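This is a predicted model, so every value here is computed, not measured. Heavy-atom basis, side chains included; hydrogens, waters and symmetry copies ignored.
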Amino acid sequence: MSAFMGEVVGTMILILFGGGVVAGANLKKTFSFNGGWVVITIAWGLAVTMGVFAVGSISGAHLNPAVTIGLALNGDFPWADVPEYIIAQMIGGFLGGVLVFLHYLPHWKATDDEGAKLAVFSTSPAIPHTFSNLLSEVIGTFILVLGLLFIGANKFSEGLNPIAVGLLIVVIGMSLGGTTGYAINPARDLGPRIAHFVLPIHGKGKSGWGYAWIPVLGPIMGGSLGSIFYQIFFTGKLSNMLWTVLAVNIIILIIVYLMGKKEKMNTESSKAAA
């Protein structure tokens, strides 16, 4: 199996298990209906563990564009291979979404809640707030990539690496995931969201494209910041690229913050006029 196919298969496994547990908890007439947040976060951690075990020896099991970019920034992965990996991860995310749809085929019609159906495939904010939602994804992916790097630095973790990574996902979900559903992975959100958009899901509603940029941009920003933090504070490396990436992230956060302030002012003006 090629590295490209490894990322496709690994990401597909990730979404099959991860999206599958959300489907089981959200869709009516399943035995696991209303399984709850703890079940979801544990299963997502195990989903990552299984994906890493499956293709770790083939592709390194990035399964996440933010991880691929973070590793490239850290010098652990060639930039020339980044586009290929990201494409493979997006394909795997889409295919995983399709498999979840097929597995729960009769349950879509039994469920009326459009939001519950969309949540099987993609994330959404508990409280819509553009800047805070973006910041949540940045922080979550920051600690994900930082955690992957410091876990990988420990020799004892070589055989246990997939389990340690899975536990990292669990604690991120339980501690930080309640605000946005912790996409922390553009392929985990965008690939299945596209599947939701194209599949004939009964009563599915809209695919939430107005929010879709946040679980793409936020993880990429957070992953790059996690890589930079690791290099500066764990290895003592400094370079012009690191300062450039840091500056770009700060500028984006400032722009999004100002956009959010403007949106709030426009909303308040509209309410006052009404």
Side-chain angles (χ1 to χ4, degrees), residues 1-15 47-96 137-138 140-155 157-162 164-166 168-169 183-191 215-249 251-252:
M1 185 185 293
S2 66
F4 181 89
M5 283 305 301
E7 287 298 295
V8 170
V9 172
T11 311
M12 182 182 71
I13 290 171
L14 166 67
I15 299 304
V48 172
T49 295
M50 293 302 107
V52 175
F53 269 129
V55 301
S57 62
I58 298 168
S59 67
H62 297 185
L63 317 182
N64 182 342
V67 171
T68 299
I69 293 170
L71 292 176
L73 280 171
N74 198 51
D76 296 327
F77 188 73
W79 280 104
D81 293 341
V82 168
E84 175 187 359
Y85 266 53
I86 292 176
I87 292 170
Q89 292 152 3
M90 290 296 178
I91 293 172
F94 175 84
L95 293 176
E137 289 295 327
V138 170
T141 320
F142 164 82
I143 197 62
L144 169 64
V145 171
L146 178 61
L148 291 175
L149 291 171
F150 65 59
I151 288 171
N154 291 279
K155 292 182 179 180
S157 70
E158 289 180 6
L160 300 174
N161 188 61
V165 172
L168 175 62
I169 298 298
I184 58 175
N185 180 347
R188 171 264 175 274
D189 193 275
L190 184 57
V216 171
L217 179 60
I220 291 173
M221 293 171 62
S224 64
L225 289 172
S227 177
I228 288 171
F229 187 93
Y230 182 81
Q231 290 180 64
I232 292 174
F233 292 100
F234 283 71
T235 67
K237 294 180 182 177
L238 290 172
S239 70
N240 291 332
M241 177 182 283
L242 299 186
W243 295 118
T244 300
V245 171
L246 181 61
V248 169
N249 275 277
I251 291 170
I252 292 173

*Asks:* Looking at every non-hydrogen atom in both residues, tell me the closest pair between Leu246 and Ile228 and how far apart they are.
*Replies:*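 Where Leu246 meets Ile228 most closely, the heavy atoms are N-CD1, 3.8 Å.
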
*Asks:* Quick one: CD1 on Ile143 to CG on Leu168, what's the gap to the nearest 0.5 Å?
*Replies:*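 The distance works out to 7.0 Å.
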
*Asks:* Any non-hydrogen side-chain atom of Leu217 less than 4.5 Å from a side-chain atom of Val138?
*Replies:*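 SC-SC contact between Leu217 and Val138 ruled out.
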
*Asks:* Do Leu149 and Asp76 come within less than 4.5 Å of each other through their side chains, counting heavy atoms only?
*Replies:*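 Of all side-chain heavy-atom pairs linking Asp76 with Leu149, at least one is under 4.5 Å.
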
*Asks:* Taking atom CG of Asn185 and atom CD of Gln89, what is their separation to the nearest 0.5 Å?
*Replies:*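 Rounded to the nearest 0.5 Å, the CG-CD separation comes out at 7.0 Å.
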
*Asks:* Decide yes or no for Ser227 and Asn74: does some side-chain heavy atom of the first lie under 4.5 Å from some side-chain heavy atom of the second?
*Replies:*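 Result yes, sub-4.5 Å side-chain heavy-atom pair found.
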
*Asks:* What class does the angle between the rings of Phe233 and Phe229 fall in, given that below 30° is parallel, 30 to 60° is tilted and above 60° is perpendicular?
*Replies:*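 Tilted: the ring planes of Phe233 and Phe229 meet at 30° to 60°.
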
*Asks:* Would you say Ile15 and Phe94 make side-chain contact, with heavy atoms under 4.5 Å?
*Replies:*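 Ile15 vs Phe94: side chains apart.
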
*Asks:* Could you tell me whether the side chains of Glu7 and Ser59 share a donor-acceptor contact shorter than 3.5 Å?
*Replies:*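 The criterion, which ignores hydrogens and geometry beyond distance, is satisfied for Ser59 and Glu7.
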
*Asks:* Determine the minimum heavy-atom distance between Val145 and Gly70, stating which atoms define it.
*Replies:*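 Distance-wise, the nearest heavy atoms are CG1-CA, 4.4 Å.
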
*Asks:* How close do Ala80 and Pro83 get, counting heavy atoms only, and between which atoms?
*Replies:*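 Scanning both residues, the minimum pair turns out to be O-CD, 3.7 Å.
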
*Asks:* Over all heavy atoms of both residues, which pair between Ala72 and Val82 is shortest? Give the atoms and the distance, please.
*Replies:*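 For Ala72 versus Val82, the nearest heavy atoms are CB-CG2, 3.9 Å.
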
*Asks:* Side chain to side chain contact (heavy atoms under 4.5 Å, CB included) between Thr11 and Asn64: does it pass, once the steps are laid out?
*Replies:* CA-CA 8 Å; Thr11 311; Asn64 182 342; over 6 Å; no

*Asks:* Nearest 0.5 Å, please: how far is CE in Met12 from CD1 in Ile91?
*Replies:*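 Ile91 CD1 to Met12 CE: 12.0 Å, rounded to 0.5 Å.
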
*Asks:* Less than 4.5 Å apart, side chain to side chain, heavy atoms only: is that true for Thr49 and Val165?
*Replies:*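 Heavy-atom side-chain distance check fails, nothing below 4.5 Å.
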
*Asks:* Check whether any side-chain heavy atom of Leu146 sits under 4.5 Å from a side-chain heavy atom of Phe234, and report yes or no.
*Replies:*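 Touching, per the 4.5 Å side-chain cut-off.
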
*Asks:* Are Pro65 and Met90 packed together at the side-chain level, in the sense that at least one heavy-atom pair is separated by less than 4.5 angstrom?
*Replies:*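 They are in contact (side-chain heavy atoms under 4.5 Å apart), so the answer is yes.
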
*Asks:* His62 vs Tyr85 aromatic rings, parallel, tilted or perpendicular, using cut-offs 30° and 60°?
*Replies:*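 Plane angle between 30° and 60°, so tilted.
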
*Asks:* Taking all heavy atoms of Ala66 and all of Thr141, pick out the closest pair and write down the distance.
*Replies:*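 Ala66 and Thr141 have their closest heavy atoms at CB-CG2, 3.7 Å.
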
*Asks:* Once rounded to the nearest 0.5 Å, what's the spacing between atom CG of Leu63 and atom CG of Leu14?
*Replies:*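 Reported to 0.5 Å precision, the distance equals 6.0 Å.
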
*Asks:* Rounded to the nearest 0.5 Å, what separation is found between the CG atom of Leu73 and the OG atom of Ser239?
*Replies:*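 Leu73 atom CG to Ser239 atom OG measures 9.0 Å (nearest 0.5 Å).
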
*Asks:* If you take all heavy atoms of Ala54 and Ile13, which pair is closest and at what distance?
*Replies:*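 Heavy-atom minimum between the residues: CB-CD1, 3.7 Å.
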
*Asks:* Do Trp79 and Ile69 touch side chain to side chain, with heavy atoms closer than 4.5 Å?
*Replies:*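 Yes, side chains in contact.
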
*Asks:* Enter the distance from Ile220:CD1 to Ile86:CD1 here, rounded to the nearest 0.5 Å.
*Replies:*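 Reported value, rounded in 0.5 Å steps: 6.5 Å.
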
